[in-house]
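Order of the sequence lines sets the chain letters (A, B, ...), proteins ahead of strands, with each chain counted from 1.
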2 protein chains.
Amino acid sequence: MRAAGGIGGKRRYDSMRGGGARKRRYHHGDLRRALVQAALRLIDEAGPREFTLREVARSVGVTHTALYRHFPDKAALLAVVAEDGFRALKAAILRACAKVPDPLARFQQAGVAYVRFALAHPSHFRVMFRAEASARHPPLQKVKDETFALVVSAIEACQTQGLVRAGSATELALPAWAIVHGLAALLVDRSPRIQRTRVSADQLARSVTETLMEGMARRDRT
Amino acid sequence: MRAAGGIGGKRRYDSMRGGGARKRRYHHGDLRRALVQAALRLIDEAGPREFTLREVARSVGVTHTALYRHFPDKAALLAVVAEDGFRALKAAILRACAKVPDPLARFQQAGVAYVRFALAHPSHFRVMFRAEASARHPPLQKVKDETFALVVSAIEACQTQGLVRAGSATELALPAWAIVHGLAALLVDRSPRIQRTRVSADQLARSVTETLMEGMARRDRT
DNA sequence: ACCTGAACACCGTTCAAGT
DNA sequence: ACCTGAACACCGTTCAAGT
């Protein structure tokens, strides 16, 4: 699926072949940033078809080996892309929360923002949740943890107003994250065939978090 | 990360090079089955490092091109592997349910089985949930739907006994699947760093489904 | 310091040819 | 019918060399 072979080979990267089409010289700018952004663009555009380092280099206009001045390997580039993803996700959640004063509604909006982000950038979302990645890349782990912390503090706000039962907010955050992440992952992978049903993702996110919130609510029977 | 280059190149696949080491002849068996099983073994063993067709062929003892008599391309092989995965998951869930008479506890056990399966075969689990796959491969979509149907009927059983509130079981199944799938996905990707905490995955699955069930429970206040 | 060019050991896929 | 062998257009990574 990666190599197209001679068939369908419309795309010819002959820019460096013969007599100087697109005379590519030194980049002389923030090549590192340019590479990350190019990778992001390719990932978001080209769908789940994994991007290649050589494509990234081409789209920026440098040789594919120039990349190794800035990243030890492909995994490192992917880690930075994932990092940017979490930063964007964090920002989206914070934006969604800012508008809503009621902590319960705010919590729900955060969930909706999470699912929205995943559906808006499915490939990017997938890159963000890759097993190997965060273990070896501390800065990635850091933003990831910060994103998780948002969920925890949203729950704490609910607890303060007695809207969610007492107990470790961290422990309560796991089901919360799980249900939202699960919905996002299922939708991104088109697993339940619910896109035929004409319910919007927003609606699904709302109803799912609602079920969750009822489960987390303060109540008097054990 | 895929190509090792000359460095560390201990593994030499010279079996077909010179004077007939491991004289590989025709396979003369169910090559199709052998290929699928080899793919499965490689996927489960070699971790998230995606397996290659050539590796599969090598491990079975045929040329890499022999594969194309049985599968149109790599995606098709992956689809069959995913299909087998869902069959195994279905079986695991059914096994877990069989032992438990109470529908609520049964529901929970199904969730635990789901998470267990994911953690036991992380790479396989990932292959099972790949966006492109099921759309183009009807048999895959079918087992997937059947697995989803198990969740739905587990919920219906709870409703019959008045343990879960009335309403579309299909709609209630979505949060249920989402929370379990989300937990599984997060654990597989080691996203929340909870493996440091000495809580078992089983315990997490139980507590997460418990929160969910409380949210789905029949209750008299709106 | 930053980038190029050639090379290496891999890929997935195609196709004519063998049995 | 089922498989091989050679070929094609790609990969990621390394390394000596250029400015």
Side-chain angles (χ1 to χ4, degrees), chain A residues 1-18 20 22-35 38-39 42 46 48-79 81 132, chain B residues 1-18 20 22-35 38-39 42 46 49-79 132:
Chain A
M1 58 205 318
R2 183 170 305 159
I7 289 177
K10 307 264 188 221
R11 44 203 188 93
R12 289 265 94 113
Y13 308 111
D14 284 330
S15 54
M16 60 288 282
R17 203 79 91 211
R22 192 217 237 180
K23 54 173 173 161
R24 170 172 41 62
R25 289 288 62 177
Y26 275 30
H27 187 263
H28 286 316
D30 192 346
L31 179 56
R32 193 191 147 93
R33 251 184 84 83
L35 289 169
L42 287 173
R49 157 181 149 292
E50 290 293 338
F51 80 114
T52 73
L53 289 187
R54 287 164 110 115
E55 254 176 332
V56 170
R58 259 179 239 128
S59 82
V60 165
V62 291
T63 326
H64 59 275
T65 49
L67 216 142
Y68 289 88
R69 284 305 123 181
H70 302 277
F71 304 95
D73 55 16
K74 190 178 185 178
L77 213 198
L78 274 169
V81 168
E132 339 86 38
Chain B
M1 57 203 320
R2 182 170 308 159
I7 289 177
K10 308 263 188 220
R11 44 201 188 96
R12 289 265 95 113
Y13 309 109
D14 284 331
S15 53
M16 61 287 282
R17 204 78 93 210
R22 196 219 239 179
K23 53 171 170 159
R24 169 173 39 61
R25 287 292 62 180
Y26 277 30
H27 186 263
H28 287 314
D30 191 347
L31 179 54
R32 194 191 146 93
R33 253 185 82 84
L35 288 169
L42 286 173
R49 154 182 152 291
E50 289 294 338
F51 81 114
T52 74
L53 289 186
R54 286 165 111 114
E55 253 176 334
V56 170
R58 257 178 241 129
S59 83
V60 166
V62 291
T63 327
H64 59 276
T65 51
L67 215 140
Y68 289 87
R69 286 303 125 183
H70 302 278
F71 305 94
D73 55 15
K74 189 178 186 180
L77 212 196
L78 274 169
E132 339 87 37

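- Summarising the geometry, atom CG belonging to A:Leu35 is positioned 6.5 Å from atom CG belonging to A:Leu77; distances are rounded to the nearest 0.5 Å.
- If you take CG on B:Leu31 and NE2 on B:His70, they are separated by 4.0 Å, rounding to the nearest 0.5 Å.
- B:Asp73 has its CG atom 11 Å from the P atom of C:dG12, to the nearest Å.
- Counting heavy atoms from C-beta outward, A:Leu78 and A:Phe51 have side chains that approach closer than 4.5 Å.
- Atom P of nucleotide D:dT13 and atom CG of A:Leu78 are separated by 10 Å, given to the nearest angstrom.
- Atom OH in A:Tyr68 sits about 4 Å away from atom P in D:dT13, given to the nearest Å.
- Whole-Å rounding puts the B:Arg54 CZ to D:dA9 P distance at 15 Å.
- Both distances falling under 3.5 Å, in either a Watson-Crick or a G-U wobble arrangement, place D:dT4 opposite C:dA16.
- Pairing for C:dC10 is absent, with no Watson-Crick or G-U wobble pair whose two atom distances lie under 3.5 Å.
- Nearest-nucleotide mapping onto DNA chain C: of A:Leu67 and A:His64, the residue sitting toward the 5' end is A:Leu67.
- The phosphate of C:dC11 (OP1 or OP2) has a side-chain N or O of B:Arg58 nearer than 4.0 angstrom.
- Within the structure, a side-chain polar atom (N or O) of B:Thr52 is placed less than 4.0 Å from OP1 or OP2 of C:dC11.
- The CG atom of A:Asp30 sits 10 Å away from the P atom of C:dC3 (whole-angstrom rounding).
- For A:Ala66, the listed nucleotide lying nearest its side chain is C:dT4; candidates were D:dG12, C:dC15, C:dT4.
- When every heavy atom of A:Lys74 is checked against every heavy atom of A:Thr52, the shortest pair comes out as NZ-CA, 4.3 Å.
- In this structure, the CD atom of B:Glu55 is 20 Å from the P atom of D:dC11, given to the nearest Å.
- Atoms CZ (B:Arg32) and P (D:dC3) sit 13 Å apart, rounded to a whole Å.
- Between A:His70 and C:dC3, a side-chain N or O to OP1/OP2 separation shorter than 4.0 Å is present.
- If you take CZ of A:Phe71 and C1' of D:dG12, they are 15 Å apart, rounded to a whole angstrom.
- We find the OG1-CZ distance between B:Thr63 and B:Arg54 to be 10.5 Å, quoted to the nearest 0.5 Å.
- The side chain of A:Leu53 lies closest to D:dT13 when the candidates are D:dT13, C:dT13, D:dC3.
- Put simply, the side chain of B:Thr63 and the base of D:dG5 share no donor and acceptor less than 3.5 Å apart.
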